Protein chains: 2
Amino acid sequence: MEKKVTIYDLAKRLGVSPATVSRSLNDHPSISLKTKSKVMLAAEETGYRINKFASNLSLQKSNTIGVIVPKLNSDFMSTVLSGIEKIANDAGYNLIISQSLESEEKEKFNTKTLFESGVDALLVSLANETKTYDHFNTFTNRKIPLLFFDRVINIPDCPTIIIDNLRAGYDATKHLLDQGCRNIMHITHGLNRSAYYQRYVGYKKALDEVKLFEIENLLVLDQFNSREIDSVIAKITASPEPIDGLFVTNDTFAVYCIKALLKAGYRIPDDIKIIGFNNDPVSEVINPELSTIEYPGYRMGVLAGQSILSHLNGSINIESADQILLKHQLIIRQSSRKTTN
Amino acid sequence: MEKKVTIYDLAKRLGVSPATVSRSLNDHPSISLKTKSKVMLAAEETGYRINKFASNLSLQKSNTIGVIVPKLNSDFMSTVLSGIEKIANDAGYNLIISQSLESEEKEKFNTKTLFESGVDALLVSLANETKTYDHFNTFTNRKIPLLFFDRVINIPDCPTIIIDNLRAGYDATKHLLDQGCRNIMHITHGLNRSAYYQRYVGYKKALDEVKLFEIENLLVLDQFNSREIDSVIAKITASPEPIDGLFVTNDTFAVYCIKALLKAGYRIPDDIKIIGFNNDPVSEVINPELSTIEYPGYRMGVLAGQSILSHLNGSINIESADQILLKHQLIIRQSSRKTTN
DNA sequence: ATGAAAGCGCTAACAG
DNA sequence: CTGTTAGCGCTTTCAT
């Protein structure tokens, strides 16, 4: 059991003051090179490690960034997190990551504990359930940088990083129309989150332009899990006018749809054309390959990290913009291509 | 800008001592109910929040658990993390997550910063590169609970959570043999990590039993990324004796292999039978569906969390065992099934 | 049941 | 260039 060694121990050992030790350790300019190296050596020998609690308490900062996401284990989210972690880590920041599991309660709780843990900034992608936003006041009131990504809400002085979801929804739907679809169903998550709502608006806009919008063709799911697939197939088969296009706001679920539809005897893309969302790796694995909207997750993570760091440094530049809009991209693959016959 | 309020502020406001406030807030038994509720109310009204730095400094603990993983963004790892987070969060612990990106240097650095951040325990899945383990001494020397999962190393008093990789490798290979394969190639990650090495040993054992082991059929890849797929195909086509079986220790990469092989004109499972590892969702998306070894990631995360918590509590039970061996399972799907002709 | 006071380990203003 | 000293905010022992 190694004993912990403090700057006082080093000070005593070297016959200098704790302040000198502290300054040396922090490479303060006003310390002679000689003392510095003496201190560093002693620190090395004794296995000295700084106590961050004490340091943080004194400095009133933690070099830690909090992150709240709905769910860790999706390809998209873990990719975003990977980007955030890379940037934060390179800048000497630790990441405290927690998941809300789509629950407003848990999001509130996590917000509270992250605040108390003294994170220097907070990055949030909102739970689907969340309808009130007061729990973020603790951060905004104290001017602690708060940033939303992907699932955002507009709060003064809180930057957001998103893609143009309306446009993306429009692009996806327009593409299906261009391929000849006339009765397009939209399968999405709770419209409570603007990311999803905007995609829906884009979908509606494209259809309104050609007078083909049908409210019955909207299917809002609670989760995107495989248990919900039956209701999808039921709705499709029950449709008075045959469904010939499917815009699903999640690749993984779109893939479930493809599998279920094929099993039910539908031909894809001949009978029904399908487009997903995110460009998850799985979209290239399914047969037929899934058309989708490319969502730059890693870049989003990197930008979220850079943006929050620049806020933390007080530097003003592109990353400290109020809103960053990332480009999405329509990716056309087999699942939605018009069949020439 | 809200001002931060401390227990001193509350004490002054209520005309009691800071000690009483502290005790009330912590529900200490020796404080009258009346004072307690008085304090709680004042805390509520003023928006008091505990300062964890001060608390941690005083208590010498952080209610924080550190986690180091090779890479956040894989289905398997994010699922494990999701399990760990659930358990930790429910027990009132925060998680500081960092990725080594398979680099020994970064793993060392992260170990150091997590130590300095005062985590109460550390959970590690080792980087593939890592060959020395001294950097964990800071933890073991001070008896800070340290646990390895998935990619483990045996260090006294450090529990490990793994599956029986040797047996899993054996099962996978034996299955291919049972399906009639006679020239089975093994595609795996660097054998530096015992998880992979043991799978290799199992593979070899199954083949040795029927005198079919060929060292030339071992292909060790640095990464499992799509850029390496060409070398795989090259090796398969160049094999003097036709390869008729493939045991790939990663589903995602196995899927790349299937796609590339199909494109190269091989029939699966007729010409080559394939089995993967992990039972990632993608294994059910590829056509033909991929046989694989089920790896219980979420359970592993949950158990890792429970195990480390029980160490933290000093309780002795099943979760505080030195080694937990989770059951894997052979899952047979189309990609490896003997074709009846 | 409550208060006084020391201590956790580090930082920084001030003094020399 | 270095030392003294006063916090940072909370916990806890020892009194009362």
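If you're wondering where the values come from, they're calculated on a predicted model, not measured in any experiment.
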Self-check item: B/Thr64 and its side-chain contact (heavy atoms from CB on, under 4.5 Å) partner, picked from B/Leu95, B/Asp120, B/Asn56, B/Asn94
Solution: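 Testing B/Thr64 for a side-chain contact (heavy atoms from CB on, under 4.5 Å) against B/Leu95, B/Asp120, B/Asn56, B/Asn94 leaves exactly one candidate, B/Asn94.
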Have a look at [X] and say if it touches a base, only the backbone sugar-phosphate, or nothing, with a 4.0 Å heavy-atom cut-off.
| X | result |
| --- | --- |
| B/Asn26 | sugar-phosphate |
| A/Tyr8 | base |
| A/Ile7 | base |
| B/Thr6 | sugar-phosphate |
| B/Ser55 | sugar-phosphate |
| B/Ser30 | base |
| B/Val21 | nothing |
| B/Leu57 | base |

Can you tell me the distance, in whole Å, between the [atom1] atom of [X] and the [atom2] atom of [N]?
| X | N | atom1 | atom2 | value |
| --- | --- | --- | --- | --- |
| A/Asp27 | C/dT11 | CG | P | 13 Å |
| B/Asn51 | D/dT11 | CG | C1' | 13 Å |
| A/Lys52 | C/dC8 | NZ | C1' | 18 Å |
| B/Lys61 | D/dC10 | NZ | P | 17 Å |

DNA chain C nearest-nucleotide lookup for B/Thr20 and A/Ala54: closer to the 5′ end is B/Thr20
Compare side-chain N and O positions of [X] against OP1 and OP2 of [N] and report whether any pair is under 4.0 Å apart.
| X | N | result |
| --- | --- | --- |
| B/Gln60 | C/dG9 | yes |
| A/Ser17 | D/dG3 | yes |
| B/Thr35 | C/dT2 | yes |

Option among B/Arg151, B/Glu104, B/Glu107, B/His135 that satisfies the side chain to side chain donor-acceptor pair (under 3.5 Å) test with B/Thr130:
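Among B/Arg151, B/Glu104, B/Glu107, B/His135, the one meeting side chain to side chain donor-acceptor pair (under 3.5 Å) with B/Thr130 is B/Glu107.
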Query raised in the report: Thinking salt bridges, do A/Glu102 and A/Arg193 make one under a 4.0 Å N-O criterion?
Result: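 Looking at A/Glu102 and A/Arg193, the cut-off is not met.
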Review point. Charged N to carboxylate O below 4.0 Å: is that the case for A/Glu85 and B/Lys106?
Key: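 Salt bridge present between A/Glu85 and B/Lys106.
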- Name the closest nucleotide to the A/Arg23 side chain, picking from C/dC14, C/dC10, D/dC10.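 In terms of side-chain proximity for A/Arg23, the closest of C/dC14, C/dC10, D/dC10 is C/dC14.
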